Amino acid sequence: MARVTLPIDHLEALWPQDLHGMSIGALLHPASVNAKLKHSSEILKERSGTSFHLKAFFGPQHGFLGETQDNMIEWQGFEHPRFKVPVYSLYGEHREPSQ
């Protein structure tokens with residue numbers, strides 16, 4: 001049986017050198033997982049401070065972790081309770097980037 005690996009499983013090896021040390025934000029959804037089904041937010045937070053500095057998460061229509069799955073509910077951003085990183089909604093009051 002072939003084993004599936006994903007780019008998130010090889011983050012350090014694949015991280016572009018010209019982005020080393022940069023601040024980043026990540027657009028994630030419930031299926032943003034590695035081969036062991038660990039959510040990418042966990043992996044990015046663990047690696048923050050090495051190749052990059054994690055500054056924000058962005059979540060699509062059904063929420064960052066699928067928390068607004070029913071009825072296409074608009075949702076507002078929040079601060080991640082464990083990571084203390086802002087999670088911005090791409091399906092809330094504002095549909096375009098703001099200042």
Side-chain angles (χ1 to χ4, degrees):
M1 174 179 270
R3 182 176 166 94
V4 173
T5 62
L6 302 166
I8 193 72
D9 293 310
H10 308 283
L11 191 58
E12 285 84 16
L14 296 175
W15 193 256
Q17 187 60 37
D18 58 339
L19 296 180
H20 190 81
M22 300 291 281
S23 295
I24 66 161
L27 173 60
L28 303 175
H29 55 80
S32 298
V33 297
N34 72 356
K36 294 181 180 178
L37 302 179
K38 185 175 187 177
H39 197 260
S40 294
S41 63
E42 300 270 347
I43 297 163
L44 292 170
K45 185 58 180 168
E46 290 170 359
R47 304 289 193 279
S48 183
T50 56
S51 298
F52 55 84
H53 301 283
L54 181 65
K55 297 295 183 179
F57 292 123
F58 298 88
Q61 180 178 357
H62 296 296
F64 177 65
L65 294 173
E67 62 274 11
T68 58
Q69 189 67 31
D70 298 334
N71 271 343
M72 296 173 47
I73 300 168
E74 290 185 0
W75 62 281
Q76 299 307 310
F78 57 94
E79 181 178 84
H80 194 286
R82 286 188 306 136
F83 303 154
K84 305 299 182 207
V85 174
V87 179
Y88 296 104
S89 173
L90 298 180
Y91 197 74
E93 180 180 341
H94 302 284
R95 302 289 171 97
E96 296 178 5
S98 63
Q99 293 293 343

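On a predicted model such as this, the values are computed, not experimentally measured, just so you know. Start at 1 with the first residue, then count along the sequence.
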How about F57 and V85: do any of their side-chain heavy atoms sit closer than 4.5 Å?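 Yes - at least one pair of side-chain heavy atoms lies under 4.5 Å apart.
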Under the side-chain contact (heavy atoms from CB on, under 4.5 Å) test, residues paired with [X] that sit two or more places apart:
{"X": "K84", "value": "E79"}
{"X": "P7", "value": "L14"}
{"X": "S40", "value": "I8, L28, S32"}

Holding to salt bridge (Lys or Arg N to Asp or Glu O under 4.0 Å), I want the full list of residues that pass it with R82, two or more places apart in sequence or in another chain.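 E42.
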Going by salt bridge (Lys or Arg N to Asp or Glu O under 4.0 Å), name the residues that satisfy it together with K55, two or more places apart in sequence or in a different chain.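 Scan of K55 (salt bridge (Lys or Arg N to Asp or Glu O under 4.0 Å), adjacent residues dropped) gives none.
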Check H53 against G21 and note the closest heavy-atom contact, atom names and distance.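 Closest approach of H53 to G21, heavy atoms only: CD2-O, 3.1 Å.
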How close do F58 and G25 get, heavy atom to heavy atom, and via which atoms?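 What the structure gives for the nearest pair is CE1-CA, 4.0 Å.
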Should [X] and [Y] be counted in the same cluster of Ile, Leu, Val, Met, Phe, Trp and Tyr side chains packed under 4.5 Å apart?
{"X": "L54", "Y": "I43", "result": "yes"}
{"X": "L44", "Y": "L37", "result": "no"}
{"X": "L11", "Y": "F83", "result": "yes"}

Suppose the criterion is side-chain hydrogen bond (donor to acceptor under 3.5 Å, both in side chains): which pairs have a residue in residues 12-23, not counting sequence neighbours? E12-R47
Enumerate the salt bridge (Lys or Arg N to Asp or Glu O under 4.0 Å) contacts for residues 26-39, please, sequence neighbours excluded, ordered by first and then second residue. K38-E46
To the nearest 0.5 Å, what is the distance between CG (N34) and CG (L6)? 7.0 Å
